[in-house]
A.B. asks: 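This is the structure, below, for whatever I ask next.
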Amino acid sequence: VAALEGKLDKLESEEAHRVAADQAEHRKVVALEAKDEALRGRLRKGEADTKEVEKLRRRMKEIESNAHEKEKAAASGEIHQIQRSLEAKLSTEKAHVQELQARNQRLRGELRDASSSGGGSGG
């Protein structure tokens, strides 16, 4: 009876470890899905920003190719406004690139740490 109780305790302990590992894996999956959705949102925003930048650049070409249009746009401040918008988009994009580079560096460090400590759970 004692041997059976010992085996039962061992099985319960193993099951508890498996449940905990499954829960941890589930949390990782949920976190990855959230990151994936955030990235998709960022890509959609990036596409919208790209279209807006293209529109602004087309408008600048229109303005620059027509002297009367250029005069009117300069007087109304449109040229300055377009330039400010383009500069803002550029600085936002630079900040995003820096953020991605920092994240990439962090992930590389985590990968190095994981591979030097013998890998993961294998599952």
Side-chain angles (χ1 to χ4, degrees):
V1 174
L4 287 176
E5 286 178 348
K7 283 184 180 181
L8 183 60
D9 287 346
K10 184 179 177 192
L11 287 173
E12 287 174 346
S13 174
E14 288 172 358
E15 180 62 19
H17 285 297
R18 268 196 296 277
V19 168
D22 286 349
Q23 289 172 339
E25 195 65 30
H26 178 71
R27 284 191 298 274
K28 285 181 191 174
V29 168
V30 169
L32 284 173
E33 287 171 347
K35 284 181 182 178
D36 183 54
E37 187 51 41
L39 182 58
R40 288 175 195 270
R42 175 66 184 119
L43 287 172
R44 284 189 296 270
K45 185 184 181 327
E47 289 168 0
D49 286 350
T50 299
K51 286 178 183 173
E52 186 178 340
V53 165
E54 288 170 359
K55 188 172 116 183
L56 290 171
R57 285 185 175 153
R58 275 196 307 275
R59 179 64 183 139
M60 279 301 284
K61 283 181 184 174
E62 268 177 36
I63 290 169
E64 289 169 355
S65 68
N66 181 327
H68 175 68
E69 194 70 24
K70 191 172 189 174
E71 219 173 89
K72 200 168 71 173
S76 71
E78 184 182 6
I79 291 174
H80 186 65
Q81 182 182 348
I82 290 172
Q83 288 171 337
R84 275 199 326 248
S85 293
L86 289 171
E87 288 168 3
K89 295 283 181 206
L90 179 63
S91 71
T92 298
E93 201 53 39
K94 281 181 180 177
H96 182 64
V97 166
Q98 288 174 338
E99 174 192 326
L100 289 175
Q101 288 172 334
R103 187 179 303 160
N104 191 9
Q105 197 67 31
R106 226 177 16 257
L107 289 172
R108 283 186 177 161
E110 289 174 17
L111 267 176
R112 255 194 318 273
D113 293 348
S115 65
S116 66
S117 69
S121 64

A.B. asks: So does R57 pair up with E54, basic N to acidic O under 4.0 Å?
C.D. replies: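 No, this pair does not count.
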A.B. asks: When rounded to the nearest 0.5 angstrom, what distance separates CZ in R108 from CZ in R106?
C.D. replies: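 Spacing of CZ (R108) from CZ (R106) equals 13.0 Å.
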A.B. asks: Kindly determine whether K10 and K7 satisfy side-chain contact (heavy atoms from CB on, under 4.5 Å), including the steps that lead there.
C.D. replies: CA-CA 5 Å; K10 184 179 177 192; K7 283 184 180 181; 5.6 Å; no
A.B. asks: Would one find more than 12 heavy atoms of other residues, nucleotides or ligands at under 6.0 Å from atom CZ of R18?
C.D. replies: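 Buried by this count: over 12 neighbours within 6.0 Å.
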A.B. asks: Rounded to the nearest 0.5 Å, what separation is found between the CD atom of E52 and the NZ atom of K45?
C.D. replies: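 NZ of K45 is found 8.0 Å from CD of E52.
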A.B. asks: Going by an N to O cut-off under 4.0 Å, is there a salt bridge joining R42 and E93?
C.D. replies: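 So R42 pairs with E93 through a salt bridge.
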A.B. asks: Mind checking the CD-CZ spacing from Q105 to R103? Nearest 0.5 Å is all I need.
C.D. replies: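 Taking CD in Q105 and CZ in R103, the distance rounds to 13.5 Å.
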A.B. asks: What's the spacing between E78 CD and K72 NZ if we round to 0.5 Å?
C.D. replies: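 Going from CD on E78 over to NZ on K72, the span is 8.5 Å.
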A.B. asks: Is there a side-chain contact between M60 and L56, using heavy atoms and a 4.5 Å cut-off?
C.D. replies: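 Counting from C-beta outward, M60 and L56 never come under 4.5 Å.
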A.B. asks: Any donor-acceptor pair under 3.5 Å linking the side chain of S85 with the backbone of Q81?
C.D. replies: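 Pair found, side chain donor or acceptor close to backbone of Q81.
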A.B. asks: Testing E87, K55, R59 one by one against I82 for a side-chain contact (heavy atoms from CB on, under 4.5 Å), which residue passes?
C.D. replies: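 That would be R59.
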A.B. asks: Around H80, counting heavy atoms of other residues, nucleotides and ligands shown, do more than 12 lie under 6.0 Å from its NE2?
C.D. replies: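 Atom NE2 in H80 is not crowded, with 12 or fewer foreign heavy atoms closer than 6.0 Å.
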A.B. asks: Start with the C-alpha distance between L100 and H96, add both sets of side-chain angles, then the distance that settles side-chain contact (heavy atoms from CB on, under 4.5 Å), and finish with yes or no.
C.D. replies: CA-CA 6 Å; L100 289 175; H96 182 64; 3.4 Å; yes
A.B. asks: Which value, rounded to the nearest 0.5 Å, describes the distance between D49 atom CG and L43 atom CG?
C.D. replies: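 Between atom CG of D49 and atom CG of L43 there are 11.5 Å.
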A.B. asks: Would you indicate whether E64, at its atom CD, is surrounded by more than 12 heavy atoms from other residues, nucleotides or ligands within a distance under 6.0 Å?
C.D. replies: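 Enclosed.
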A.B. asks: May I have the step-by-step check of side-chain contact (heavy atoms from CB on, under 4.5 Å) for D113 and E110, ending in yes or no?
C.D. replies: CA-CA 5 Å; D113 293 348; E110 289 174 17; 5.6 Å; no
A.B. asks: Is it true that E62 and R58 have a side-chain N and a carboxylate O under 4.0 angstrom from each other?
C.D. replies: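 Result for this pair is no, no salt bridge flagged.
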A.B. asks: Find the distance between OG (S13) and CG (L8) and round it off to the nearest 0.5 Å.
C.D. replies: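 If we round to the nearest 0.5 Å, S13:OG and L8:CG are 11.0 Å apart.
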A.B. asks: Locate the shortest heavy-atom distance separating S91 from A88; write the atom from each residue and the value.
C.D. replies: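 Nearest heavy atoms, S91 then A88: OG-O, 3.1 Å.
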